[in-house]
Amino acid sequence: MNFIKTISFLFVCIAVISCGKKQEDTEFAEVFVEAEKKEIPQFAYGFSLNEYHMERDTVQRGDNLSLILARHNYDATEIHEIVSKVKDSFNVRNIRAGRIFTLLKTKETLPRLEVMIYERDRTGFQVIDFRDSIHAYTVNYPVTYRTRTIAGEIDGSLSASIQKEGLDPGLASLLAKRFAWNIDFFKFKRGDKFALSVTEKFINDTIYAGTEEVLGAYFNYNGKDVYGFPYQQAGQKEAQFYDENGKQMKTMFLKAPLKYFRITSKFSKNRLHPVQKRFKAHNGTDYAAPHGTPIMTTASGTVIETGYTSGNGNYVKIRHDATYTTQYLHMSKILVRRGQRVEQGHTIGRVGSTGLATGPHVCYRFWKNGVQVDPLKQKLPTSMAMDKKDLTAYLAKINPIKEEIDHKLVEKFD
């Protein structure tokens, strides 16, 4: 009897538990279904995406707005009307292969296109709105700028060392140009210190869009501290780099009129002429280079002569100031005209072998106070000093930048 009661009790318990579990599962299922029914709102490009059937696609090579619309059931007449209405605010010819576009369509049995969003680049997007009256507009993402200062040590190349500190490695090329008169960037030693202060650009406050400006830079080179800061004086086409005292870093003259060269003949009062086979003065310096190599003016100035003679070949002569004049001979091609203003490093011609020459080279001649001299033996002047009225403003601008650079160096290495 007791056995039967025990068995009966167990069956009752199992039944109760089973019913409870079924009820619990049912409750969970109901909650889950209810959660499924609640759609999470989604917004993008200024639209509530939940209201539309959304299609995303990529512009294919050869695509244009007309072809894209044709693929979505617009006929030629409709396409012509759409293009006519949006052409002033949507550049229909500027659709580029690889760009993303999004189509928002109605949730009908036969979906109707209501909005097209074309992502022209990461700075913004363009919209064609087909609702009511067809029109187009552009949305530009907000742009923000942040200042960042870093310090590091040379470990391999400068670009790799800059990248290691989290900055754009492309800055190395810019710095090499700006500091070329003070630093040989190929002679950095492992462990040499550097610091940079830059302004970086961000789109939508999150997308990094590169370095906007270098505010200041520091290098420890050959045991010396070298600072450089950009500043644009009145009358300058672009900012130049100056040291912490306002002295321009660029010297008045380049060392040579070619970037890559070898000197084949120096300035001499008595040289055997390679063509005339007699001893005579050689009042220039010969720089050999391949035919067509760009010839640069070594300093800013005004072209006072261009022409051809049987001895000089094609030549250009430039006056730099009341003291200095230079001339460039044997060109294959002249690229400037008389009276033209040229800046230091401007390409004025191409290497050739016109006139009395045995091979392609440029003969570089140099006058000081009307007398031809050897430029390699001259103590050439630096560029013009900063105007005193600019110096006060310059120092006020760079002092907080220099302090931040110095602080970062101490923080990093002390």
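If you're wondering where the values come from, they're calculated on a predicted model, not measured in any experiment. What you see below is based on every heavy atom in this structure, not just the backbone, and it leaves out hydrogens, waters and symmetry mates.
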For [X], what residues pass the salt bridge (Lys or Arg N to Asp or Glu O under 4.0 Å) criterion, not counting sequence neighbours?
X      : answer
Lys317 : none
Asp129 : Arg131
Glu108 : Arg112
Lys85  : Glu81

Using a 3.5 Å cut-off and no angle test, enumerate the donor-acceptor pairs between side-chain atoms of residues 163-175 and protein atoms at least two apart in sequence or in another chain.
from	atom 1	to	atom 2	distance (Å)
Glu165	OE1	Lys412	NZ	3.4
Asp168	OD1	Gly170	N	2.9

Those residues at least two apart in sequence (or on a different chain) that pass side-chain hydrogen bond (donor to acceptor under 3.5 Å, both in side chains) with Tyr227 are Asp406

Those residues that, when tested against Ser159, pass side-chain hydrogen bond (donor to acceptor under 3.5 Å, both in side chains) (two or more places apart):
Ser157

Table please: side-chain donor-acceptor pairs of residues 55-62 below 3.5 Å, with sequence neighbours left out.
from	atom 1	to	atom 2	distance (Å)
Glu55	OE2	His53	NE2	3.4
Glu55	OE2	Lys105	NZ	3.3
Arg56	NH1	Tyr45	OH	3.0
Arg56	NH1	Thr102	OG1	2.9
Arg56	NH1	Glu119	OE2	3.4
Gln60	NE2	Thr58	O	2.9

Listed pairs under 3.5 Å, donor-acceptor, residues 302-312 side chains, sequence neighbours left out:
from	atom 1	to	atom 2	distance (Å)
Glu305	OE1	Tyr315	OH	3.2
Thr309	OG1	Asn312	N	2.9

Residues 343-356 vs salt bridge (charged side-chain N to carboxylate O under 4.0 Å, His left out), sequence neighbours excluded, gives Arg341-Glu343

Listing request: all salt bridge (charged side-chain N to carboxylate O under 4.0 Å, His left out) pairs with a residue in residues 189-206, at least two apart in sequence or in separate chains.
Arg146-Asp205, Arg148-Glu200, Asp155-Arg190

Can I get a per-line list of side-chain donor-acceptor pairs under 3.5 Å for residues 210-222, giving both atom names and the distance, sequence neighbours left out?
from	atom 1	to	atom 2	distance (Å)
Tyr218	OH	Asp225	OD1	2.6
Asn220	ND2	Asp225	OD1	3.1
Tyr221	OH	Asp184	N	3.3

For Asp75, look at atom CG and say whether over 12 heavy atoms of other residues, nucleotides or ligands are found less than 6.0 Å away.
yes

